[in-house]
Amino acid sequence: MEFDTVAVTTALGAILAHGVRAGDKRFRKGRVLSQADLSDIAQAGIGSVAVARLQSADVGEDEAATRIAALCGGAHVRTGAAFTGRANLYAQSHGLAEIDASAVAALNALDEAITIATVAPFARVGKGQMLATVKIIPFAAPRAAVEAAERLLAAPLVRLHPFAPHRVALISTFLPDTKPSLLDKNRSALEDRLSGLGSALIFERRV
């Protein structure tokens with residue numbers, strides 16, 4: 001990847017290395033500059049921009065994040081679309097997260113351009129919760145590093161073990177001076193806990 005400051009007229013297809021404000025428009029770093037972008041920038045009186053250009057040995061940040069993240073998740077794990085070099089992995093159900101910590105450490109040690117962060121091993125997670133994020137730090141990662149990551153990920157490093165749903169009954173005992181609101185509060189708290197485990201309270205008796 002090469003960085004340079006170039007004339008706006010020669011920046012078509014380059015990656016913007018620093019954000020630019022052109023009138024009432026703001027172009028964020030990482031944007032691949034189109035002809036319309038360059039016209040707006042030029043009309044604002046800006047003659048040059050700092051850009052990055054990928055070389056044959058580079059893999060763009062979104063492609064690199066997509067390729068690596070796709071191999072990180074096992075069953076019941078959904079991989080989100082990459083954006084700005086980041087791809088997130090999400091739980092598809094309530095469950096227990098299993099993390100291969102040694103594989104995480106090995107992946108993070110491959111190259112400074114590639115990093116992954118995860119929830120703690122054996123964390124209880126809810127449906128839709130983020131389990132891990134893969135981030136490409138610069139605008140691209142070395143092709144050799146991406147390919148090494150793919151070889152390393154022969155097995156997923158993030159797995160989810162879904163909780164088996166259960167139907168639960170609640171039997172509460174109370175004294176003559178027990179306030180019904182106390183039992184209501186207890187039921188509500190129990191329902192919240194069960195919901196986080198993918199289960200449900202279906203019956204209650206107060207005696």
Which atoms form the tightest heavy-atom contact between [X] and [Y], and what is the distance?
X	Y	result
A11	V51	CB-CG1, 4.4 Å
L194	A200	CD1-C, 4.2 Å
D37	V32	OD2-O, 3.7 Å
R26	G19	NH2-CA, 4.3 Å
A155	R159	CB-NH2, 3.8 Å
R21	I46	O-CD1, 3.5 Å

To the nearest 0.5 angstrom, please state how far the [atom1] atom of [X] sits from the [atom2] atom of [Y].
X	Y	atom1	atom2	value
I99	L131	CD1	CG	6.5 Å
L160	K127	CG	NZ	11.5 Å
H166	I202	NE2	CD1	12.5 Å
L107	I116	CG	CD1	5.5 Å
L152	L157	CG	CG	7.5 Å
I137	I114	CD1	CD1	10.0 Å

Using a 4.5 Å cut-off on heavy atoms from C-beta on, say whether the side chain of [Y] contacts that of [X].
X	Y	result
S172	L170	yes
H76	H161	no
F163	R124	yes
M130	T133	yes
L153	C72	yes
E204	R187	yes
L38	L12	yes
F27	D40	yes

- Message: Apply side-chain contact (heavy atoms from CB on, under 4.5 Å) to residues R67 and V59 and explain how you reach the verdict.
- Response: CA-CA 10 Å; R67 288 170 56 174; V59 177; 4.1 Å; yes

- In terms of heavy-atom contacts, does CD of Q55 have more than 12 from other residues, nucleotides or ligands at under 6.0 Å?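 It does: Q55 CD has more than 12 such atoms within range.
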
- Task: State whether the number of non-hydrogen atoms from other residues, nucleotides or ligands found under 6.0 Å of R193 atom CZ is greater than 12.
- Result: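 Check fails, neighbour count at 12 or below.
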
Where the side chain of [X] meets the backbone of [Y], is there a donor-acceptor pair that is under 3.5 Å apart?
X	Y	result
N186	L183	no
T66	D62	yes
K25	I41	no
D111	A113	yes
Q129	G126	yes
T178	L175	yes

- Query: Taking atom types as modelled, is there a side-chain donor on D100 or S102 under 3.5 Å from an acceptor on the other?
  - Reply: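 A donor-acceptor contact under 3.5 Å links the two side chains.
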
- Message: Can you see whether S195 engages D192 through a side-chain donor-acceptor pair at a distance of less than 3.5 angstrom?
- Response: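 No pair is found: no donor N or O on one side chain lies under 3.5 Å from an acceptor on the other.
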
- Path from I68 to V119 over hydrophobic side-chain contacts below 4.5 Å: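 Yes, because I68 and V119 connect within a single hydrophobic cluster, where side-chain heavy atoms sit under 4.5 Å apart.
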
- Please check if V20 and F139 belong to a single hydrophobic cluster, counting links between Ile, Leu, Val, Met, Phe, Trp and Tyr side chain heavy atoms closer than 4.5 Å.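 The answer is no; the residues belong to distinct hydrophobic clusters.
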
- Item | Among L16, I15, V8, the one residue meeting side-chain contact (heavy atoms from CB on, under 4.5 Å) with L33 |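 Between L33 and the candidates, side-chain contact (heavy atoms from CB on, under 4.5 Å) is satisfied uniquely by L16.
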
- Query: Does a salt bridge link D58 with R143, judged by any charged N lying under 4.0 Å from a carboxylate O?
  - Reply: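 Not counted as a salt bridge, because no side-chain N and carboxylate O are separated by less than 4.0 Å.
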
